[in-house]
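Naming convention: chains lettered A, B, ... in sequence-line order (proteins, then strands); numbering from 1 in each chain. Every value quoted in this text rests on a predicted model; they were computed, and no experiment measured them.
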There are 2 protein chains.
Amino acid sequence: MNRRTAKESKESILEAAIEVFSEKGYSQTTIREVAERAGISVGGVYIYFKNKEEIYFTLLKYLLDEFRERSGGSIEGIEDPAEAVKKYIAINLNYAQKFKGLILIEGREHGFTSCIDIKKKFFRGQRKLIEEIIRKGVSSGRFERCNVEGTARVIIGTLRGFILSLVMDSDALFSQKECSNLILGGLLKRGVK
Amino acid sequence: MNRRTAKESKESILEAAIEVFSEKGYSQTTIREVAERAGISVGGVYIYFKNKEEIYFTLLKYLLDEFRERSGGSIEGIEDPAEAVKKYIAINLNYAQKFKGLILIEGREHGFTSCIDIKKKFFRGQRKLIEEIIRKGVSSGRFERCNVEGTARVIIGTLRGFILSLVMDSDALFSQKECSNLILGGLLKRGVK
DNA sequence: TGTTCATGTGAACTTGTGTTCATTTTATTT
DNA sequence: AAATAAAATGAACACAAGTTCACATGAACA
């Protein structure tokens, strides 16, 4: 009983795929490299996955689900909406640094409808999360009154940008603190207007 | 004298390439499609460009230069730093909508050092522009005191995110006004703290 | 009309990579 | 030990796309 079980093999393929996709993006990732890192042959990969797209879809779903759980869970308890925003930003940036290319970039180039759907659903969920926080902040008087949905969209967009910046030049990354400061405080001077 | 001149041909290839690259990104763009849209044969393309990478590099440089001029020029006259920020955001979003995929996404996947360099230089220049505005805003008392360089980085990142969002789901785009509001005003209530 | 030169053609070559499949290896069962 | 099943192999196939090149076309000029 030396050989791996089917489940083990499938998992090691997925782990290898997360690595390679994260490093190289979709197009530049080859089945041969995934196979090699997973310690299996090229043909072996196709025992467990129908094709490249299915590998990508599977791991995308896995990572998004994991992130959803993690971010949702760790915000739940926080009462102060400003703290919740800070926390959410921190989680996002940390997670993104780990999976760089994967989460954001691909998907436009490759019109897999399945992947687009799953991403849209994910981002909608995240937006709802933010909306909830903002709504709480506004009604408690801590946040300025605003268009909640629009503002949530802007924040999601903002975070995408931060993450994209991490991807593009990982040397020049700004701190989480400055991200939070801008989103919470803005540029304009307080208590003047 | 019916046939096109070399210059005309080269330009029509570039125009076609801007179209196709913007729609499809780098990997999904084929020389055959560029050639077809430019009204020239596949071989004809290679009279004017060494290879695909050179086409991409040429048009990237062209677009970045154009944007640099345009954004620099239209901000110069503005005195109020808040207005300057608004204007800069507006220009960015408009321009990005036009060239979607092109400016931001590619380049990580394809490690053309020449392209990376040109982009880094571009973003550094843009950051300097923003820094100048912020510095002015702070010293005139209109903006909160802050880490100028870091904040500029954050704003550039923010805009990248906005643009990326345009690229990913162009239906759900938020308004320029909300972008400006967040960057200038932040979430927290004014005049409380 | 023939020569020259710039411009252009598209079939063919090359390479990379997703995918398949006949075959082999290893483990389990009888 | 033989038979069966599970897991794995890697050479071979297919096909798309970047690139090349021998050749064609049209314009200008002698």
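Nucleotide dT23(C) holds its C1' atom 20 Å from the OH atom of Y46(A), rounded to whole Å. The nearest whole Å value for the distance from the NZ atom in K10(A) to the C1' atom in dA6(D) is 16 Å. The distance between atom CD of E11(A) and atom P of dA7(D), rounded to the nearest whole Å, is 14 Å. The NZ-C1' distance, from K24(B) to dA16(D), rounds to 14 Å in whole Å. Atom OH in Y48(B) sits roughly 8 Å away from atom C1' in dG8(C) (whole-Å rounding). The distance between atom CD1 of I40(A) and atom C1' of dT9(D), rounded to the nearest whole Å, is 10 Å. The nearest whole Å value for the distance from the CZ atom in R32(A) to the P atom in dA11(D) is 11 Å. Whole-Å rounding puts the I31(B) CD1 to dT14(C) C1' distance at 15 Å.
Within the nucleic acid shown, F49(A) has no heavy atom closer than 4.0 Å to any nucleic acid atom.
For the pair K10(B) and F49(B), the distance from NZ or CZ to the six-membered ring centre is under 6.0 Å and the angle to the ring normal is within 45 degrees. For the pair K52(A) and F21(A), the cation does not sit on the ring face, since its NZ or CZ is not both under 6.0 Å from the ring centre and inside 45° of the axis.
Side-chain atoms of R4(B) and base atoms of dG8(C) include no donor and acceptor less than 3.5 Å apart. For R3(A) and dA7(D), a side-chain-to-base donor-acceptor distance below 3.5 Å is present, hydrogens and geometry of angles not being considered.
Residues V138(A) and E144(A) form no side-chain contact, since every pair of their non-hydrogen atoms from C-beta on lies 4.5 Å or further apart.
Across dG10(D), dA17(D), dT19(D), the shortest atom-to-atom separation from the side chain of N51(B) is found for dT19(D). Considering only the side chain of V42(A), dT19(C) comes nearest among dA7(D), dG8(C), dT19(C). Out of dG18(C), dG8(C), dG18(D), the shortest distance to the side chain of T30(B) is found at dG18(D).
The aromatic rings of Y95(A) and F67(A) lie tilted to each other, with the angle between the two planes from 30° to 60°.
The phosphate of dT7(C) has neither OP1 nor OP2 within less than 4.0 Å of any side-chain N or O from T5(B). Put simply, S9(B) has a side-chain N or O that comes within less than 4.0 Å of OP1 or OP2 on dG8(C).
Taking a pair to require two hydrogen-bonding distances under 3.5 Å in either a Watson-Crick or a G-U wobble arrangement, dA30(D) pairs with dT1(C).
Connection of L93(A) to L159(B) is established within a shared hydrophobic cluster, with ILVMFWY side chains joined at heavy-atom distances below 4.5 Å, either directly or through further cluster members.
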